[in-house]
Each structure stands twice: as C-alpha cells, then as structure tokens.
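Working notes, beginning with the structure itself.
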Amino acid sequence: MSDQYAPTPQDRYTFGLWTVGQQGRDPFGDPVRPAMDPVYAVHKLAELGAWGISLHDNDLVPFDATPAERDRLVQGLKSALDETGLTLGMATTNLFTNPVFRDGAFTSSDATVRAFALQKAMRSIDIGAELGTKIYDFWGGREGSETDVYRSPVEALRYMREAFNFLTRYVRDQGYDMRFVIEPKPNEPRGHIYLPTVGHALHFITTLDDADMVGVNPEFAHDTMAGLNFTHAVGQAIDAGKLFHIDLNDQVAGRYDQDFRFASENLKAAFYLVKLLEESGYDGPRHFDAHPYRTEDEDGVWAFARGCMRSYGILKDKAARFAADAEIQGVIAELRAGDTFDGPSAAGGYSAATADAVKSYRFDTAALATKGRRYEELDQLVNEIILGVR
Ligand code: GCO
Ligand code: MN
Ligand code: MN
C-alpha cells in the first residue's frame, strides 16, 4: 500500500533477522516456515522501506562456524547492507540457545561458562563493529533461576557486573564507537530473570565502571507480560537519559511471551507510547522485535513487517492530530491554567523560609477536593482520534 504511511528509511524502522526469519517453532510444534537467508531478508526489508536490521551472532554465523566461514558470512551481509543502504541498528549475542547456557551465561554458577560467555560476547561484538552498529544489546534470557537453592541473587549480580565492566573496557580498548543496552525481561525462558524490569536495570547501570556507556532497551511485551505500564517504564528510561534503543511488539497481559505485531493488541497503550517517543525527541531505531503469527507463510511474514511499520506511522500521525486538535488543546490549556499555584512550594527548591511558608499556608482544601480533572472527556477524545472519527 503506498500512501502517507508508507515507511521510509527516515522513520528508522529496524527488524531483527530473527523476527522476519522466525520459523514458528514453539514448545508444542515444529517450524512452519523455512529458514530465511539473512541477505534475502535485508533485500526484502529494504524494499519495504525499513532503515535497518539487527542480529544475534548466530542469526548470521552458526555456533560451530570456522573462522573462514565466519568471514565469508559477515562479508556477504556487509555487501547486502552496502547495496541496499540498510544499517545495522543493533547487534547482540546469543547467550541462550546452546545447552552450555542452561544455567545462564554471564551469571552462570560455573566459572568456565562465564568465561566462555565473555569470549562469545567479544567475538560477537567484533562482528557488530565490522558491520557498523553503534548499539550492542544484552538480553539475559538465561540469566536467572528456577530455584535459589544454590546461587544467591547477590552473587549473580556480582558476576553480571564483572562481565559488563570487562566488556565496556574491551570496547574502549578496541576503539569501537559503541554503547551497550540492557534489555530487561521478567521471565521466559527462565522462571525468574535477573534485572526483570527497566527500573532494576537502571539502578544496576549506576553500579558499573563505565555507566555512561550503558543504557536500556525496554520491550513492550516484557513489561506487559508482568502487568506493568510500558510507557511509564520508557518514561523512566528517558528521565534517566538512558533510552538508547527500544523493542516494539505487542502482548496480551498474563499470557505466554507472544511477541505479536506492534499495536496488534493494545492500540491505546501503543498510542501513548508512540506519542511519548515522538514528543521526547528519541532518535534511535524503532526496532520491531516481534514474530509473525504461526499461521503465516512468507507472504504473511511481509504483511506482518509492513503492519508493524504502518501502525507506528499511523499512531505517530494520531499523536500529531492530538497535538493539533483545537478542542483537546483547549481543554488542556484550561486545565493547565487551573493547575498553577503562585504560593510557596517545592518548585523553587528548599529554603527554611519556604518550608515555614508551606507549613503555615492556608490551603483551600474544600475547593481542591471538589475540582474535577476532565480526564474522561480528554481520554474519550483520544479514543475518537484512534477510532478515526476525529
Ligand atoms: C525475547 C527477547 C529477545 C531479545 C533478542 C535480542 O523475549 O526473546 O525480546 O527477542 O530481544 O534476543 O537479544
Ligand atoms: Mn521479548
Ligand atoms: Mn527483545
């Protein structure tokens, strides 16, 4: 479909190779789609108007590849990126599929596994650097536990910190222009994953040697699985100056890890998210980390990819309508006018005199207690924008 919502590279949409390449394998069933060649995926995504891709080391280079194979595959993808003009928006390490990571990677109780995870991450960071990414993701899918019978969570965080401190130094040593992001998730595949939320990750980052180099990669489905408000999590990341990347998809709260097409389930939550991202000046990738329904063939995969991008673009347009809607902005202006206070408050900072003034101020609590907020009216106007009648 070619219209004002047709995606262009300026929109900065990116897709994981593992998303369009997802074969529909699940715990109950075999793959329903054949493996997709990464070079083919790059060309198709370029045709659809994407800005770039992302990858795990093993989406491109098999776990057991020889150095020569590795070089050939990396070179092949580099040529595809050069030919299409697509960028590598993010790269990451697969530290979860191989059975060696059964009890974690950086936080494994086994020191040999922890060292192997470092080796795999450094080799994968090298691939990312060769292909030009500036963002390197850490999703600790296996970094967690089902039982705390052996490793304490304090020990696990110490191991995790050792790994991050080592790897940021490695990146600096190599002179790579690269920042790290931590991608929090509450559970799946582990029963409990360490650093389960954006807030946990943001604090952990403050304990790192190179904290400036590390931000977060929040994912819509991950907070939604836990019943949390994703837009609030993103807001906290923005407030901390740590929103370096974002994973967009969708999810029904309380279900398995669904990774649905962006905005396919929670339209309104997606609207508030897009509004926040666009208004915040976020200029990183709009990265789709989602899977086509298992019902789909390859045509369905591209319908899925188009759908992710179109929904984002349409919601961005809806956010612009919200900002331009005279009735909505009129209500907001009236509310803002009624929300000002020129008496003593925390706004100007603390002084003993202000503290005394606040303590002794005579507030008209009867008036405050009866003042309505008009959010019903405003929120319905948002519904009408989303439903397309405004
Ligand atoms: C998930 C995660 C992953 C990561 C990806 C990059 O729930 O499986 O979101 O898709 O984003 O592995 O590290
Ligand atoms: Mn996920
Ligand atoms: Mn993700």
Side-chain angles (χ1 to χ4, degrees), residues 13-27 38 52-61 63 88-98 101 104-107 117 120-121 124-125 127-128 133 135-144 160 163-164 167 178-198 201 214-226 228 230 233-234 237 243-253 255-262 264-266 273 284-292 294 304 308:
Y13 298 131
T14 59
F15 286 86
L17 286 180
W18 68 91
T19 66
V20 291
Q22 205 257 0
Q23 294 182 257
R25 184 186 286 110
D26 71 17
I53 58 153
S54 59
L55 53 75
H56 302 87
D57 48 355
N58 302 137
D59 297 337
L60 182 65
V61 181
F63 186 83
L88 182 65
M90 174 266 265
T92 183
T93 326
N94 182 327
L95 295 171
F96 45 90
T97 301
N98 194 282
F101 302 122
F106 299 144
T107 64
K120 194 169 192 296
S124 177
I125 286 172
I127 295 176
T133 193
I135 301 279
Y136 201 87
D137 184 43
F138 293 86
W139 171 65
R142 296 276 172 208
E143 315 286 14
M160 187 85 98
F164 272 92
L167 292 171
M178 196 182 269
R179 295 193 294 177
F180 287 176
V181 286
I182 296 178
E183 180 180 346
K185 187 177 184 182
N187 54 274
E188 270 194 66
R190 293 313 291 265
H192 306 276
I193 297 180
Y194 303 127
L195 305 180
T197 70
V198 171
V214 188
V216 288
N217 177 27
E219 174 170 314
F220 194 111
H222 296 174
D223 288 66
T224 306
M225 281 168 74
L228 299 173
F230 181 61
V234 171
L243 187 71
F244 296 177
H245 195 270
I246 191 160
D247 276 8
L248 302 168
N249 53 11
D250 212 341
Q251 169 77 35
V252 179
R255 297 287 164 91
Y256 66 98
D257 182 13
Q258 294 175 310
D259 285 329
F260 285 156
R261 188 178 79 255
F262 179 61
S264 58
E265 282 293 338
N266 299 284
L273 172 69
R286 274 72 174 158
H287 178 247
F288 299 107
D289 183 12
H291 297 159
R294 191 166 183 272
F304 149 87
C308 284

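Both ligands and their constituent atoms are indexed starting at 1 by order of listing.
The side-chain tip of R142 does not point at the ring of F101 from less than 6.0 angstrom away and within 45° of straight on.
Using a 3.5 Å distance cut-off with no hydrogens or angles, the side chains of N249 and D259 do pair a donor with an acceptor. Side chain to side chain, H245 and N217 meet the donor-acceptor criterion of an N or O pair below 3.5 Å.
Taking the six-membered ring for Trp and the full ring otherwise, Y13 and F15 have centroids separated by 6.0 Å or more.
The heavy-atom pair separating G140 from I193 by the smallest distance is O-CG2, 3.3 Å.
Protein atoms that are N, O or S and lie under 2.8 Å from the Mn ion (ligand 3) are these: E183 OE2, E219 OE1, D247 OD2, D289 OD2.
Using a 4.5 Å heavy-atom cutoff, the side chains of L273 and I246 are in contact. The shortest side-chain heavy-atom distance between D26 and Y256 does not fall under the 4.5 Å cut-off. Within the 4.5 Å cutoff, the side chain of H222 has heavy atoms near those of the W139 side chain.
Residue Y136 forms a side-chain contact (heavy atoms from CB on, under 4.5 Å) with just one option from V214, T93, V181, and that option is T93.
Around ligand 1, the residues contributing at least one heavy atom under 4.0 Å from the ligand are W18, H56, T92, F96, D137, W139, E183, K185, E219, H222, D247, D257, D289.
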